[in-house]
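All values below come from the heavy atoms of this structure, side chains included, with hydrogens, waters and symmetry mates left out.
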Amino acid sequence: MLVETLLEQKQREIITTTPSTSIEDAMDLLITKDIGCLPVLDDDTKLIGIISDKDIFKKLYETKGDYHNLKVEDIMSTDLIIGVLDDELDYIASVMDTNWIQHMPIVDGEKMVGIISQRDIIKVNSRKHEQENRYLNLYMEGLHKRDQSGDV
């Protein structure tokens with residue numbers, strides 16, 4: 001499956017933030033929107049970073065709770081790994097696994113068009129396996145027969 005296909009099916013709003021957003025406001029967004037990361041966009045809406053709940057949690061620990069003056073730009077990751085619309089989902093999953101990342105921004109040119117999470121990939125693979133299992137069960141029960149050409 002292509003990333004573009006998944007994003008069309010997903011149809012979820014992309015919640016983003018800016019570098020000057022306070023850490024408290026970023027935490028509020030993550031919690032109220034029930035998401036694990038925020039892509040960071042500059043004034044021209046170009047993707048310049050990403051901040052995750054894990055990044056914030058780590059900084060809270062490091063500062064012993066003295067985070068009130070920190071901004072997103074103080075914590076965000078800027079060495080980004082991104083995907084494009086015509087990437088295969090299996091490729092995205094492999095890159096995420098290799099690099100130990102849970103979310104991958106998807107761009108079209110310089111515009112961010114979506115984000116893929118490990119959860120998205122698990123859902124797609126689960127559906128695919130369910131369909132294969134159903135077909136195999138039906139085939140074994142004789143409800144699906146193949147003709148001589150191999151077509152169903």
- Message: For the residue pair Ser22 / Asp25, report whether a side-chain donor-acceptor contact shorter than 3.5 Å exists.
- Response: yes
- Note on the structure: Between Gly36 and Leu30, the two heavy atoms sitting closest are C-CD2, 3.8 Å
- Item | Nearest non-hydrogen partners of Ala26 and Val72, listed with the distance |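 Taking Ala26 first and Val72 second, the nearest heavy atoms are CB-CG2, 3.9 Å.
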Is there side-chain contact between [X] and [Y], with at least one heavy-atom pair below 4.5 Å?
X: Leu41; Y: Thr18; result: no
X: Ile48; Y: Pro19; result: yes
X: Glu4; Y: Gln9; result: no
X: Asp55; Y: Met76; result: no
X: Met27; Y: Tyr67; result: yes
X: Met104; Y: Ile115; result: no
X: Leu6; Y: Ile116; result: yes
X: Pro105; Y: Ile50; result: yes

- Task: Start with the C-alpha distance between Lys71 and Thr21, add both sets of side-chain angles, then the distance that settles side chain to side chain contact (heavy atoms under 4.5 Å, CB included), and finish with yes or no.
- Result: CA-CA 6 Å; Lys71 304 284 183 203; Thr21 301; over 6 Å; no
- Message: Is there a side chain to side chain contact (heavy atoms under 4.5 Å, CB included) between Leu47 and Leu80? Walk through the geometry before answering.
- Response: CA-CA 9 Å; Leu47 178 67; Leu80 300 177; 3.7 Å; yes
- Considering residues, nucleotides and ligands other than Lys33, do more than 12 of their heavy atoms fall under 6.0 Å from its NZ?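 Count not over threshold, so no.
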- Message: If you count every heavy atom of other residues, nucleotides or ligands that lies below 6.0 Å from Asn69 atom CG, does the total exceed 12?
- Response: no
- Item | side chain to side chain contact (heavy atoms under 4.5 Å, CB included) between Val124 and Leu89, intermediate numbers included | CA-CA 9 Å; Val124 167; Leu89 203 52; 3.8 Å; yes
- Item | Stacked cation flag Lys64 on Tyr61, 6.0 angstrom / 45 deg |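 Lys64 over Tyr61 ring: yes.
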